[in-house]
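Worksheet: the structure to be examined is printed underneath.
Here is the naming used below: chain letters follow the sequence lines, and residue numbers restart at 1 for every chain.
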Amino acid sequence: MSFPCHSLSISTTIAAKTIPLPASPEPDPVSPQFAVLRKIESCKSIEEIKQFHALVIKLRPLQTQFVYNAIIRGVTSFRTGCGSSLEAILLYREMLMKGLVPTDYTIPFLLKACAQEFALREGEEIHVHAIKTGLLGSNVYVKNTLMRVYAVCGVIGAAQKLFDECPQRDLVSWTTLIQGYVKTGSPREAVEVFFRMCEASFVADEMTLVIVLSACAMLGDLSLGKRIYRYMHENGVKRDVFVGNALVDMFLKCGDADLARWIFSEMPMKNVVSWNSMILGLAQQGKFKEALVVYEEMQTIGIRPDDITLVGVLNSCANLGLLESGKWVHAYINKHKISADGFIGNALVDMYSKCGSINQALRVFQGMKHRDVYSYTAIIVGLAMHGEAALALEIFSDMSLVGIRPDEVTFLGLLSACSHAGLADEGQRHFEDMSRVYGLEPQTEHYACMVDLLGRAGLLSDAEEFIKNMPIEPDAFVWGALLGACKVHGKVELGELAMKKLVEIEPERDGAYILMSNMYSSADRWRDALKLRRFMKEKHVKKTPGCSSIELDGIVHEFRKGEKSHPKIEEISRFLEEFTSHLKSYGQQDIIAFA
DNA sequence: CTAGGGTTAG
């Protein structure tokens with residue numbers, strides 16, 4: 001969005017000198033001005049407002065502060081989208097040109113529009129006017145709306161300063177500051193401000209609590225969340241639908257799905273956000289099946305899902321591999337003329353690629369009009385999963401052509417694409433570019449991916465050296481990648497080192513032991529393999545059975561390691577054996593590429 | 001006639 005007019009031209013209007021506010025007479029209830037005021041207030045569209053504006057320009061007696069306030073209010077309340085700050089400011093400028101002075105009502109209207117559109121520069125200019133007219137010091141509405149502009153624009157220091165200098169703070173001032181910290185990604189500070197508010201003997205209302213609860217959700221701090229929940233009971237805060245939704249969201253994000261579900265079920269009023277909070281929250285907790293059950297319930301009751309609901313449903317389908325259900329959602333989207341773009345488009349791309357339909361994923365991606373970093377990342381990760389490294393790399397280079405900056409996750413996809421395709425040099429180059437060109441700090445996942453890449457290419461000593469030179473502490477993923485590479489290339493000694501490190505980090509997991517004992521077996525070191533298995537038994541290392549699932553004609557088939565409950569398990573096992581021996585005949589390298 | 005509220009992906 002761009003503003004053709006950025007400046008209020010302060011110097012040419014009123015800012016050059018401090019303006020004493022003239023006492024303006026209240027409009028006479030029988031004057032034409034009064035009648036026009038009522039009419040402007042009853043306008044139902046921006047077009048009607050504009051007609052009155054035209055009238056005001058023509059008729060001098062209508063050019064008063066009150067009339068301009070009403071017009072500005074109308075413009076800012078009808079134009080919820082873009083452009084309201086510009087339009088409001090143009091009206092404000094016109095008002096100043098006519099020699100009129102803003103009132104304590106004018107400034108909040110203007111600032112609200114600025115806050116809605118994150119128009120920081122315009123807000124700053126109005127800030128100057130608020131000082132010059134003396135309104136900032138005398139009116140708490142002016143101060144609170146100004147604080148809000150700074151808060152939503154991320155200038156939390158300015159908001160805090162205004163707050164500190166404010167002699168007559170009210171609950172809205174506190175709430176605005178708390179929200180400022182939440183919006184700038186500092187939930188910890190937000191909660192601290194809330195407790196200071198309590199010390200200052202203010203009692204939170206529903207609006208404050210919704211924000212505080214969202215801070216708890218961001219922190220994922222369950223005991224804090226429960227503490228706030230108790231505070232609500234102690235202070236008799238009403239539980240309206242907003243508070244209920246915030247509670248559901250908070251408890252889910254803090255990992256207490258049961259409490260969230262209970263609150264959800266007890267809510268006397270629910271709206272689509274309530275359902276979305278449940279569905280998305282459950283999905284976020286990895287409870288995808290539960291999320292879909294809630295969605296089914298929502299459908300049964302007849303609540304119409306919105307695009308956010310569908311994102312949650314698609315995400316659940318993606319993670320359960322439910323291609324048929326995912327396709328159903330896609331059909332629903334088409335049927336209801338929901339655009340397969342933005343959030344929805346990205347979720348569709350992810351669903352199709354996670355469900356194995358990379359061609360469909362590509363089709364959705366190519367059909368999107370607005371692609372962002374999430375869209376590109378989703379398709380690159382998908383292509384990487386499907387071994388389509390060349391296309392992943394091509395789409396990555398498209399990204400910079402259209403000016404979208406990759407982020408950490410994009411690189412994860414890119415590096416894994418290189419890794420799976422055995423493109424060691426190309427992967428290393430991208431890894432270096434990550435910090436050098438894009439200023440992104442590689443995380444342990446990226447290092448793990450590089451170890452995997454080097455390991456698959458057989459460059460095990462390079463991988464070992466790479467780990468030694470890591471600027472951050474290698475974690476289980478890094479050692480796991482090394483161990484996996486050792487397994488593939490039969491490097492028993494290095495594998496033992498990786499296993500030792502893995503066991504140090506997560507002694508309760510069995511994966512490292514299993515991999516290592518398989519390695520011993522492959523190297524005909526049966527005694528070592530046995531020793532390891534015995535050790536596991538002694539230490540009571542819990543075994544997590546591997547599980548995979550696939551959907552076929554709408555039925556989910558689950559396979560757990562060591563379990564033979566599937567009706568066609570023998571047929572499937574026989575096929576897999578044949579398939580594996582077939583693969584082996586292609587030679588070692590091909591098997592590695594497949595692994 | 002003016003200010004503060006929840007859910008959004010890889």
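Here A/Gln179 lies in heavy-atom contact (under 4.0 Å) with sugar-phosphate atoms only. Among the atoms of the strands shown, base atoms are found under 4.0 Å from some heavy atom of A/Thr410. Residue-level contact check: A/Lys270 touches neither bases nor backbone, having no heavy atom under 4.0 Å from any strand. If you check every strand for non-hydrogen atoms under 4.0 Å, A/Asp350 touches sugar and phosphate atoms only. Residue-level contact check: A/Leu37 touches neither bases nor backbone, having no heavy atom under 4.0 Å from any strand. The residue A/Val243 sits close to a base: some heavy atom pair falls under 4.0 Å.
As a whole-Å value, the separation of A/Arg148 CZ from B/dG4 P is 5 Å. B/dA9 atom C1' lies 16 Å from atom CG of A/Leu412, rounded to whole Å. Regarding A/Gln116, its CD atom lies at a distance of 10 Å from the P atom of B/dA3, rounded to whole Å. For A/Leu280 and B/dA9, the CG to C1' distance is 10 Å, given to the nearest whole Å. Rounding to whole angstrom units, CD1 of residue A/Ile263 and C1' of B/dT7 are separated by 16 Å. Taking atom CZ of residue A/Phe34 and atom P of nucleotide B/dC1, one finds them 10 Å apart after rounding to whole Å. Rounded to whole angstrom, the span from the CE atom of A/Met269 across to the P atom of B/dG5 amounts to 19 Å.
Within the cation-pi definition used here (under 6.0 Å to the ring centroid, within 45° of the axis), A/Arg371 qualifies as a partner of A/Phe365. A cation-pi geometry, defined here as NZ or CZ lying under 6.0 Å from the six-membered ring centre and within 45° of its normal, does not hold between A/Arg73 and A/Tyr105. In this structure, A/Arg196 is not positioned above the aromatic face of A/Phe194 in the sense of NZ or CZ being under 6.0 Å from the six-membered ring centre and within 45° of the axis.
Stacking of A/Phe242 onto the six-membered ring of B/dG5 is present: less than 5.5 angstrom between centres, less than 30° between planes. Remark: ring of A/Tyr105 stacked against base of B/dC1; centroid gap under 5.5 Å, plane tilt under 30°.
In this structure, A/Tyr92 has its ring center no closer than 6.0 Å to that of A/Phe109. A centroid separation of 6.0 Å or more is found between the aromatic rings of A/Phe396 and A/Tyr376.
Candidate nucleotides B/dT7, B/dG5, B/dA3 were compared by shortest atom distance to the side chain of A/Met207, and B/dG5 ranks first. Taking the side chain of A/Val273 as heavy atoms from C-beta on, and the options B/dA3, B/dG4, B/dT7, the nearest nucleotide is B/dT7. Residue A/Thr208 places its side chain closer to B/dG4 than to any other of B/dG5, B/dG4, B/dT7. Candidate nucleotides B/dT2, B/dG5, B/dA9 were compared by shortest atom distance to the side chain of A/Glu206, and B/dG5 ranks first. For A/Phe109, whose side chain is taken as the heavy atoms from C-beta onward, the closest listed nucleotide among B/dG10, B/dA3, B/dT2 is B/dT2. Side-chain proximity of A/Val373 to B/dT2, B/dG10, B/dG5: nearest is B/dG10.
Between A/Met95 and A/Thr106, some side-chain heavy-atom pair lies under the 4.5 Å cut-off.
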